[in-house]
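Let me begin by presenting the structure, written as structure tokens, before commenting on it.
Letters go in sequence order (proteins before strands), and every chain restarts at 1. All figures in this text were calculated on a predicted structure; none of them were measured in a lab.
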Number of protein chains: 2
Amino acid sequence: MPEDVIQTYTRADEAFDCLQTAIVKGDLAPGEKIGEVELCSRFNLTRGPLREALGRLESRGLLVRRPHAGVKVVSVSTDELMELYRIREVMEGLAARQAAERMTDDEITALHTTLDAHEAMIEQAHGQAYYQAEGDYDFHHRIATGSRNAKLAQMLLGDLYYMVRMYRYRLSTASGRPHMALGEHRRIVEAIAQRDGELAEFLMKRHINAARRNIERKIAEGGLTI
Amino acid sequence: MPEDVIQTYTRADEAFDCLQTAIVKGDLAPGEKIGEVELCSRFNLTRGPLREALGRLESRGLLVRRPHAGVKVVSVSTDELMELYRIREVMEGLAARQAAERMTDDEITALHTTLDAHEAMIEQAHGQAYYQAEGDYDFHHRIATGSRNAKLAQMLLGDLYYMVRMYRYRLSTASGRPHMALGEHRRIVEAIAQRDGELAEFLMKRHINAARRNIERKIAEGGLTI
DNA sequence: AAAGTCACTATTGTTGACAAAATATGCCTG
DNA sequence: CAGGCATATTTTGTCAACAATAGTGACTTT
């Protein structure tokens with residue numbers, strides 16, 4: 001029997017997942033103060049497991065909690081979102097470098113396949129930004145796990161991506177430059193396939209930097225307000 | 001009244017702090033399976049707040065929890081410790097760059113003062129590795145907060161440093177190269193004072209890389225076993 | 001009339017008891 | 001004698017009642 005398989009989903013895990021997706025999807029608006037009992041009735045939970053989940057969410061930075069004053073979903077300014085991208089830049093750069101050094105050939109093949117699927121997705125779903133965002137997430141997810149750096153993957157997948165995705169939903173994938181992003185993805189995978197870690201790191205950093213500037217520009221143009 | 005001041009320390013906060021320091025100091029050995037009731041009696045707590053704290057610790061990666069099977073302190077291999085240093089390298093590099101761009105003049109003055117204090121400390125306490133480690137922590141702490149990147153500081157101070165410190169205690173500051181480290185620190189501060197972000201990033205990355213290789217060497221030489 | 005204080009209410013923090021699950025032990029069987 | 005199954009015990013997960021705190025509203029006082 002595998003060790004890391006979770007046999008039973010505890011109520012606390014359930015609460016954690018429910019709340020996390022609710023926050024990411026925007027069902028719980030940022031800044032909104034929300035009582036524990038209301039959350040309980042909304043997700044059919046009891047306060048014990050709920051409080052445990054709240055603690056986890058808090059330490060992940062998705063909500064803030066003031067003693068005796070309730071919890072509220074964290075509201076991130078555009079400046080803070082830009083800071084998140086700066087962190088992603090260096091961390092995912094490292095992930096790409098280590099992935100180039102350590103990914104198995106099978107994983108690299110899977111990466112190619114993934115990109116092909118994304119290309120098809122982009123052709124079909126013109127403007128279906130949501131699915132493109134999911135594809136993008138899938139790509140970065142594979143690189144993070146491919147780095148064989150457990151802590152790095154945990155920090156990227158467990159912390160940063162949730163916060164970024166939270167804004168992706170609201171901005172409805174501000175990226176909006178699917179073809180260009182796909183090309184950049186292809187180049188990164190190429191570098192990884194050639195086991196050129198240095199190049200993979202450079203390309204990944206530039207890729208995320210471009211995504212950040214793109215969002216920044218869109219926000220500056222008006223329209224996009226968080 | 002400041003907003004972010006915590007008026008009341010809840011039992012859960014207390015539990016969190018107690019457990020965290022116990023883990024960092026090694027009072028709770030890695031890999032050791034430990035029951036909830038034992039923890040309660042040991043820290044004069046009740047199970048409710050304790051469980052909340054356990055959840056937080058788990059999501060920070062300091063302990064692992066299997067449903068119905070108890071918690072155990074995470075045990076990190078030397079390989080994983082090296083991976084932590086790789087993450088530190090890129091993240092603290094970013095922190096140094098942003099600190100160079102954003103620190104106030106007062107903060108930079110304080111940095112200089114800190115380094116002077118470290119120098120005096122090294123002269124006096126020959127071989128008192130523990131205090132040197134604390135000084136090192138102080139330096140990196142100031143850079144992290146000086147970056148004005150809240151999430152970056154949170155990830156460094158709230159996640160990585162605790163895990164690194166956990167091993168510092170066991171290795172009794174494997175660094176063991178206080179003078180060299182101090183010189184590197186001075187150069188980094190110099191770059192920050194000149195507002196040269198690029199240089200500060202480069203020097204910080206090299207500094208952490210050197211620390212990593214130093215530990216690696218010491219471990220390879222034998223003696224140091226985790 | 002305005003401001004400050006006091007009491008009240010609603011919400012959170014805490015506690016101890018109860019239920020469910022996993023591990024360990026002992027018995028039975030092959 | 002060894003291996004597997006069933007049971008028992010220990011430990012965790014869950015729940016509901018209790019206590020404490022902060023926010024709110026009304027009342028008094030200046």
Between the protein and nucleotides 11-14 of chain D, which nitrogen or oxygen pairs come in under 3.5 angstrom?
residue: D:dT12; atom: OP1; partner: B:Glu36; partner atom: N; Å: 3.1
residue: D:dT12; atom: OP2; partner: B:Glu36; partner atom: N; Å: 3.2
residue: D:dT12; atom: O3'; partner: B:His68; partner atom: N; Å: 3.2
residue: D:dG13; atom: OP1; partner: B:His68; partner atom: N; Å: 3.4
residue: D:dG13; atom: OP2; partner: B:Glu36; partner atom: OE2; Å: 3.4
residue: D:dG13; atom: OP2; partner: B:Arg51; partner atom: NH1; Å: 2.4
residue: D:dG13; atom: OP2; partner: B:Arg51; partner atom: NH2; Å: 3.3
residue: D:dG13; atom: N7; partner: B:Arg47; partner atom: NH2; Å: 2.7
residue: D:dG13; atom: O6; partner: B:Arg47; partner atom: NH1; Å: 3.1
residue: D:dT14; atom: OP1; partner: A:Arg11; partner atom: N; Å: 2.3

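Residues that satisfy the salt bridge (Lys or Arg N to Asp or Glu O under 4.0 Å) test with A:Glu52, not counting sequence neighbours, are B:Arg51, B:Arg65.
Taking the six-membered ring for Trp and the full ring otherwise, the centers of B:His112 and B:His185 sit at least 6.0 Å from each other.
Salt-bridge check for A:Glu36 with A:Arg47: passed, with a basic side-chain N closer than 4.0 Å to an acidic carboxylate O. Using a cut-off of 4.0 Å between Lys/Arg side-chain N and Asp/Glu carboxylate O, B:Glu83 and A:Arg102 are scored as salt-bridged.
Distance, B:Glu38 CD to D:dT10 P: 15 Å, rounded to whole Å.
Between B:His140 and B:Tyr161, the two ring planes are perpendicular [angle over 60°; tilted spans 30° to 60°].
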